[in-house]
Amino acid sequence: MIVTDPGRTRRWGHIFRGDGRSLVLAMDHGATFGVGPPFDPEVLEPMIRSGVDAVLTTPAVAAACAPALASVGLLLRVDGGRTGLCENSGDDRSTLTTSVEAAARAGADAVTVMGYPGLADESNSLQRLGEVADRARGLGLLVMAEMVPYGFGASDRWSADVVARSARIGAELGADIIKTVVPKDGDIAHVCQSCPVPVMMLGGAAPLGDDGVAGLAEAARAAGAAGLAVGRNLWNAADPPSLIELVSTILHPE
Amino acid sequence: MIVTDPGRTRRWGHIFRGDGRSLVLAMDHGATFGVGPPFDPEVLEPMIRSGVDAVLTTPAVAAACAPALASVGLLLRVDGGRTGLCENSGDDRSTLTTSVEAAARAGADAVTVMGYPGLADESNSLQRLGEVADRARGLGLLVMAEMVPYGFGASDRWSADVVARSARIGAELGADIIKTVVPKDGDIAHVCQSCPVPVMMLGGAAPLGDDGVAGLAEAARAAGAAGLAVGRNLWNAADPPSLIELVSTILHPE
Amino acid sequence: MIVTDPGRTRRWGHIFRGDGRSLVLAMDHGATFGVGPPFDPEVLEPMIRSGVDAVLTTPAVAAACAPALASVGLLLRVDGGRTGLCENSGDDRSTLTTSVEAAARAGADAVTVMGYPGLADESNSLQRLGEVADRARGLGLLVMAEMVPYGFGASDRWSADVVARSARIGAELGADIIKTVVPKDGDIAHVCQSCPVPVMMLGGAAPLGDDGVAGLAEAARAAGAAGLAVGRNLWNAADPPSLIELVSTILHPE
Amino acid sequence: MIVTDPGRTRRWGHIFRGDGRSLVLAMDHGATFGVGPPFDPEVLEPMIRSGVDAVLTTPAVAAACAPALASVGLLLRVDGGRTGLCENSGDDRSTLTTSVEAAARAGADAVTVMGYPGLADESNSLQRLGEVADRARGLGLLVMAEMVPYGFGASDRWSADVVARSARIGAELGADIIKTVVPKDGDIAHVCQSCPVPVMMLGGAAPLGDDGVAGLAEAARAAGAAGLAVGRNLWNAADPPSLIELVSTILHPE
Amino acid sequence: MIVTDPGRTRRWGHIFRGDGRSLVLAMDHGATFGVGPPFDPEVLEPMIRSGVDAVLTTPAVAAACAPALASVGLLLRVDGGRTGLCENSGDDRSTLTTSVEAAARAGADAVTVMGYPGLADESNSLQRLGEVADRARGLGLLVMAEMVPYGFGASDRWSADVVARSARIGAELGADIIKTVVPKDGDIAHVCQSCPVPVMMLGGAAPLGDDGVAGLAEAARAAGAAGLAVGRNLWNAADPPSLIELVSTILHPE
């Protein structure tokens, strides 16, 4: 028999629909780039109402937009500490910038941290992941690991094998949900099959266009992924609510 | 300027709709009476889907029905320790039976405790309320106080003035939401106007019938109450989902 | 989706077989009566090998017989403090005599406490149950509540309704497993159906004889109980290993 | 296989000789009676040198005589708080007067507390014993429980059965060593056989004389007891070192 | 006399059979390599049923397969943080990735950490071992140290003397069980005789074939080792359950 973890089961239901998939709107860019996701509730609310299941953001955006975000799941990023104002040195310069306890107080359903397997200093991010997973479990929260092998600048090394192994490493270290990159050959299914927990595909910095985002959603669902966790490609779209509605329909066809 | 508490704001949005009202299904009777609310998800789910905004229950029911309850707000009762198997001595024999920390782990949006102003040992329940409110605030949770002046057997003393003063006492001691009795003269408006936080009306042991529950919902909305927190009169109805749908429509007309 | 509690799931599998039932040998009498269960490994081992699934005992017996008990599940009683040397005053004079933390260190799969609903001082035992359940959950342990309405001397009040309500009260306060008395009319099924967690039947002080114990096992399985938690009627039998083997076969027919 | 507790094994060897027996000189009377054991090292040292294996005393005597006591085992009493200046009410008015942590700092091998099964307020002392045992185990110390059924004034009720059951109750609650009274019929063997841990016989207030003490030592060894824990009958003797030497020879014949 | 540590004795009996040997299935590779051991209960269960005594794995696999693993001992790896996606720098880049407390909650019988004596930064892993041993002892858990002198790439330096000294160093720092490499001259007996705690032989990356694994089991038993802790050479076999059954028969001939 399986004994339920009631808090984590409840929070799972805040992020995922009954079909096991979720459309996560990523809004955690501001702490790194200083620009990015809207924090004006009047801009945000129509996006939320169009089919977002959960939002990944920072504690500050979650505070500024708390009423607008109450109807969707909340994943709070707890690492950071590097910015786009500093030249990218290629290594992991992240730290924990807030605590799992603070995320729990803020009503988060999950906390999110980066994992950079393959970097020379990979153990920094992987240890953070393990520690955060321990704390989160003790407080009833879920953990999303954003696994980016060799860092964000290394997309040429993102073979399906490397991405799959990275996803599994994240899960082995305690993540309940993996957010990761689309392998360069597009074999999302290999990633999902290699990983004991649900995998969500990220969008990235390159503009995909509405058709590209829709195609990513189709591919993710077809490959058995648990959905998308996309930011710039949604809130930078010409008509974010329309695109969100379209993607939600693709991820949740019934 | 008002500095918002983001976690409590978020949790507020899990319990109340935008109109400031909520239909709370009370399911916390089992720990006291040993009988009562259904804990079968197949019975519970149709009720939830018919318009319940939040559920007030015990940690055990919340655990048993975690997936079914994920779509609604969750208020967890943390006091108890007296049962219907013991003759009612008229005094407050309640204690804390679980902790605010455990409620937070279980994903509660609020914790609920009794308050018995007017009993000779009123300071027991009022001190519990104050302590629970302190802990809950530190963890980002809301507090509902169920204020029953002179105890449940004393309905003849529930004048509008007494109920109003009790409600305010609960709020003054740290409650964010008051659940209380309908005054014997029916003047709910006086109670709501006397109390700085939202007031929800409870149903009680006496069967009201479908019309009675609907009438209570009408009266509550008309008087400015924040809704109903009703148990036996909903889950003991002939057709609970239909009655819940009706009451929801009354409380949330738009 | 249900998120698993891995530690409590693992420990569940230490107590119950795949059929959801367990034969628990109760050996916790020594702390109360000063006589009782054997603590000689040479007496104990043949009993264990004959089909016991788990043992309920005190930390002292668990320490004295640690190697013999390693092959079965372990439930440790953490309350007590009253003895058979003192006249039974009819009220609950129990206290916690060891901690959940100590039980976890000793390798317990579950902790066991009494619950006495219906006693004038019922809130003592019920609060203990709630507190112990909180601690146990935080440490990954299970909780068995031994629910005895009105105390051990009140068997004439053990109607099926009273026992059923008591079992549910134990579950509502956080117990994962209920150990309780057979109702005086024998309606075990009513007890099991009223309770959201598995129910195990206790044997009690009266000698049942081998046939009586076998009959209790048959009745328990037929009524949907999760097995037996019996002490004196097993270790006082003429040939304990034979009786244990018989009862195990009844509880686990396949 | 048995995994050793190294600290408690080491401390065991400080109290008991290889034959499993010990002569414990009890010197814990001063805190209760305000008179009693010598605390002059010049008086104490000849006694110690004559064959004492361990001393049971209070932290104050242990401090005053630290150099003299360094060569023997040390058991520190951590309860008390009642005095001979107050009329004996017959109930347990003891409390913890120092902590297990303080005893550890003072170099104790064991801590000692009273247990009064059969008193109306028996749960006070039994809960203390359980708590002290938890703490002591965590700090690597041993626990001696001095089990006196119905209190010191009730020697007429000290049947072998009652004393045996009391000894076992002490062991079940966590004691590693039992110090108890000689049953009124002298059947020490029954007590030792009923108890899963070593039993030491106490001397009591009545003067036994040198022959009486020697006889007690003979009887204890013959019955399988782990030795004597005697105070007044040793340090009040005409020639304490001689008597101690005699008793030691009886307890440790080889 | 030896005073038992009851929790660690109980957990010892969960890992080792009465003959003092154990077949440990190593399944902790996924966190490092991102590929490896099956996490599908349907694949795992037949292996477990074929004679595995205990499993060494990560918390994630233990959670995913909790019901399947309930019948065997559980050793949880608590270090890691380096991956096969990163070029092996030859030094110890491991960290603690979870806590002993979390392992205890998850029902672990032992925690496992690496030890790399001979590396320039050997003190990292050796300090981790010492710290983990302290925490584990306080919580009643056992500690397995996987001692790999000069790291995994240095098999040419694995003389019997070096391996034996490494094993003893692990034991001296607090390990209860040593998992180590077969010396290049095959003198397992020298390793076992040099080490005060049981030694288990690991399999390593090179495929041994069924005969090779069987031969290793024979050699280990003959040399006085406590068994094998093998992963890839078992779960990558053509027919894992058959090979496991064979090895179990060799390790446990009676």
Most chain B-contacting option - heavy-atom pairs closer than 4.5 Å, from C/Arg157, C/Gln127, C/Arg137, C/Arg128:
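Among the listed options, the one with the most contacts to chain B is C/Gln127.
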
Taking every heavy-atom pair that is under 4.5 Å apart, which of C/Cys195, C/Gly115, C/Ala175, C/Ala164 has the most such pairs with chain B?
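Going by pairs under 4.5 Å, I would pick C/Cys195.
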
Of the backbone (N, CA, C, O) and the side chain (C-beta and beyond), which part of C/Leu119 lies under 4.5 Å from a heavy atom of chain B, both, or neither?
backbone

Just by distance, with hydrogens left out, do B/Thr58 and C/Glu172 show a side-chain donor and acceptor under 3.5 Å apart?
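Note: B/Thr58 and C/Glu172 side chains meet the donor-acceptor criterion.
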
Write down the atom of [X], the atom of [Y], and the distance for their closest heavy-atom approach.
X	Y	answer
B/Val35	C/Arg165	CG1-CG, 3.6 Å
B/Ala60	C/Ala171	CB-O, 3.1 Å
B/Cys86	C/Ala120	SG-CA, 4.1 Å

Taking side chain as C-beta onward, heavy atoms only, is C/Ile2 less than 4.5 Å from B/Pro67?
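Result yes, sub-4.5 Å side-chain heavy-atom pair found.
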
Apply side-chain contact (heavy atoms from CB on, under 4.5 Å) to the pair C/Arg168 and B/Phe39, showing each step before the final yes or no.
CA-CA 11 Å; C/Arg168 177 157 181 184; B/Phe39 49 78; 3.5 Å; yes

Just how far is it from atom [atom1] of [X] to atom [atom2] of [Y], taken to the nearest 0.5 Å?
X	Y	atom1	atom2	answer
C/Glu131	B/Thr98	CD	OG1	9.5 Å
B/Thr83	C/Leu126	OG1	CG	6.5 Å
B/Thr32	C/Ile169	OG1	CD1	7.5 Å

Flag yes if more than 12 heavy atoms outside C/Arg135 fall under 6.0 Å of its CZ atom; otherwise flag no.
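It does not: C/Arg135 CZ has 12 such atoms or fewer within range.
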
Just wondering, more than 12 heavy atoms not from C/Arg17 lying within 6.0 Å of its CZ?
yes

Can a donor-acceptor pair be found, under 3.5 Å and without considering hydrogens, that links the side chain of C/Asp134 to the backbone of B/Ala102?
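No, because the side chain of C/Asp134 does not come within donor-acceptor range (under 3.5 Å) of the backbone of B/Ala102.
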
Do C/Tyr150 side-chain atoms and B/Leu85 backbone N/O form a donor-acceptor pair below 3.5 Å?
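Indeed, once roles are kept as given, a pair shorter than 3.5 Å links the two residues.
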
Tell me, with the steps shown, if B/Arg82 and C/Ser123 meet side-chain contact (heavy atoms from CB on, under 4.5 Å).
CA-CA 6 Å; B/Arg82 71 205 156 78; C/Ser123 62; 5.6 Å; no

